[in-house]
Amino acid sequence: MAFLCRNAGMLLKSGRATPGLLAAARLLSSGAQYEYIMVEKRGENKNVGFIQLNRPKALNALCDGLMTELAEALNAFESDGEVGAIVITGSDRAFAAGADIKEMQNRTFQECYGGNFLAHWNRVSTVKKPVIAAVNGFALGGGCELAMMCDIIYAGEKAQFGQPEILLGTIPGAGGTQRLTRAVGKSLAMELVLTGDKIGAQEAKQSGLVSKICPVDQLVPEAVKCGEKIAANSKLVSSMAKEAVNAAYELTLAEGNRFEKRLFHATFATEDRKEGMTAFVEKRKASFQDK
């Protein structure tokens with residue numbers, strides 16, 4: 001960490017800082033500089049990046065400033081060699097109750113189309129490190145879309161998911177119609193998008209949207225625990241595994257199997273694959289170096 005801070009500082013002085021290092025320098029210098037999120041590292045080995053949305057009066061409505069800060073925090077954790085997984089959560093009342101409608105209300109078509117409105121929201125889905133959404137309370141509209149951009153969703157017992165944009169005279173614009181359909185199937189996705197209805201944690205799990213349900217007060221610790229399990233593996237190979245699973249959404253079965261095979265073969269060029277298999281044969285715990 002100190003090494004990263006020193007090098008970020010040197011690059012800042014030299015004018016050669018990359019966006020990732022700039023974000024890392026900001027994150028590591030002081031979490032207080034963020035207005036809409038709280039950021040820290042959790043886990044016994046401090047290897048899980050933790051981001052909490054923090055607009056309590058607005059039920060964590062996703063304004064442009066929050067999403068910009070979220071992207072900066074993700075860039076910082078992506079650049080941090082100690083972090084192997086990332087958890088994103090909100091409050092007990094709301095993961096995120098939707099996009100900030102007041103911010104959108106007076107936008108014109110020209111502004112939206114010309115400025116590619118919401119394009120930068122997609123950063124969550126492009127992070128190479130595994131991202132876990134810990135959802136308590138409302139995950140509606142943009143909040144549901146944000147959760148679905150993550151790789152794993154853990155839900156509190158009282159969580160509610162939905163895409164109510166139709167009630168506002170619009171449709172989901174950050175992947176809601178696409179990711180929800182892939183997660184729960186056409187019929188349920190169509191019903192939720194066309195009615196604006198919500199589903200609870202149990203139905204979300206039964207439909208495949210959520211992988212685990214936890215008591216409200218245990219949700220975040222359980223999500224961090226999952227992050228620790230992931231971070232204990234090779235970070236390099238975890239990123240490859242994540243890439244392979246995500247490819248299943250885009251490729252045919254034959255194409256996906258070929259892609260998987262290439263990544264599988266690529267692991268044999270890593271020191272971590274050799275260490276993992278050697279440790280197994282020698283009946284000891286592997287010591288991965290992310291190489």
Side-chain angles (χ1 to χ4, degrees), residues 36-37 51-71 87-105 107 112 117-118 120-125 131-214 216 219-220 223:
Y36 302 113
I37 61 176
I51 302 172
Q52 183 170 11
L53 310 185
N54 188 35
R55 293 189 73 200
K57 293 182 179 179
L59 294 179
N60 292 328
L62 305 177
C63 62
D64 191 67
L66 186 153
M67 296 306 293
T68 298
E69 290 186 355
L70 178 60
V87 172
I88 300 176
T89 193
S91 66
D92 288 352
R93 289 188 65 199
F95 175 73
D100 192 323
I101 304 305
K102 292 181 180 178
E103 194 174 75
M104 291 186 186
Q105 182 181 2
R107 284 184 179 267
C112 291
F117 183 44
L118 300 186
H120 67 295
W121 284 35
N122 203 45
R123 177 61 181 125
V124 180
S125 66
V131 183
I132 304 162
V135 178
N136 266 323
F138 298 114
L140 306 177
C144 188
E145 290 172 314
L146 175 60
M148 291 190 293
M149 289 180 200
C150 299
D151 303 302
I152 298 169
I153 302 178
Y154 276 17
E157 294 172 320
K158 299 180 181 179
Q160 295 187 62
F161 299 84
Q163 299 290 163
E165 289 88 348
I166 196 76
L167 305 178
L168 302 176
T170 187
I171 68 170
T177 63
Q178 303 304 300
R179 291 191 176 94
L180 187 62
T181 304
R182 286 166 169 78
V184 306
K186 177 184 175 182
S187 182
L188 180 56
M190 193 71 80
E191 180 181 1
L192 294 177
V193 169
L194 293 180
T195 66
D197 287 348
K198 301 182 288 290
I199 58 172
Q202 288 294 338
E203 188 172 356
K205 187 176 189 304
Q206 290 169 2
S207 65
L209 182 62
V210 165
S211 63
K212 189 173 185 177
I213 298 175
C214 309
V216 171
L219 173 67
V220 169

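Source: prediction; values computed, not measured.
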| said: Using the rule given for side chain to side chain contact (heavy atoms under 4.5 Å, CB included), can you reason through Leu192 versus Ile199, listing the C-alpha separation, both sets of side-chain angles and the distance that settles it, and then say yes or no? | reply: CA-CA 8 Å; Leu192 294 177; Ile199 58 172; 3.7 Å; yes
| Asn136 and Lys158: CA distance, side-chain angles, deciding distance, side chain to side chain contact (heavy atoms under 4.5 Å, CB included) verdict | CA-CA 7 Å; Asn136 266 323; Lys158 299 180 181 179; over 6 Å; no
| request: Decide side chain to side chain contact (heavy atoms under 4.5 Å, CB included) for Ile166 and Thr195; before the verdict, give the C-alpha distance in whole Å, the side-chain angles of both, and the deciding distance to 0.1 Å. | output: CA-CA 7 Å; Ile166 196 76; Thr195 66; 6.0 Å; no
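Counting only residues at least two apart or on different chains, the side-chain hydrogen bond (donor to acceptor under 3.5 Å, both in side chains) pairs with a member in residues 56-67 are Asp64-His120. Listed by first and then second residue, the salt bridge (charged side-chain N to carboxylate O under 4.0 Å, His left out) pairs that reach into residues 162-174 come to none, sequence neighbours excluded. Here side-chain hydrogen bond (donor to acceptor under 3.5 Å, both in side chains) pairs that include residues 203-212, with residues two or more places apart or in two chains, are Lys212-Glu222.
In terms of heavy atoms, Gly141 sits closest to Pro164 at N-CD, 3.4 Å. Val184 approaches Ala189 most closely through the heavy-atom pair CG2-N, 3.7 Å. Val135 approaches Ala147 most closely through the heavy-atom pair CG2-CB, 4.0 Å. Minimum interatomic distance between Ala94 and Ala97 (heavy atoms only, all atoms of both residues): CB-N, 4.4 Å. Nearest heavy atoms, Ile213 versus Val210: CG1-CG1, 4.4 Å. When all heavy atoms of Ala139 and Cys144 are compared, the pair lying nearest together is O-CB, 3.2 Å.
Separation of atoms OG1 (Thr89) and CG (Leu219) is listed at 5.5 Å; rounding is to 0.5 Å. Going from atom CD1 of Ile88 over to atom CD1 of Ile153 covers 11.0 Å, rounded to the nearest 0.5 Å. One finds the CG atom of Leu146 at 8.5 Å from the CG atom of Leu66 (value rounded to the nearest 0.5 Å).
With sequence neighbours excluded, no residue forms a side chain to side chain donor-acceptor pair (under 3.5 Å) with Thr170. Checked against side chain to side chain donor-acceptor pair (under 3.5 Å), Arg123 has the following partners two or more places apart in sequence or in another chain: Asn75, Thr126. Listed by chain and number, the residues in a side chain to side chain donor-acceptor pair (under 3.5 Å) with Asn122 are Ser125, Arg179 (sequence neighbours excluded).
For CD1 of Ile171, the number of neighbouring non-hydrogen atoms (other residues, nucleotides, ligands) closer than 6.0 Å is 12 at most.
Looking at Gln160, its side chain never comes within 3.5 Å of a backbone N or O of Lys198 through a donor-acceptor pair. The backbone N or O of Ala174 sits less than 3.5 Å from a side-chain atom of Glu145, completing a donor-acceptor pair. A donor-acceptor pair under 3.5 Å is formed between the side chain of Arg55 and the backbone N or O of Ala61.
The one candidate from Thr68, Leu70, Leu62 that meets the side-chain contact (heavy atoms from CB on, under 4.5 Å) condition with Trp121 is Leu62.
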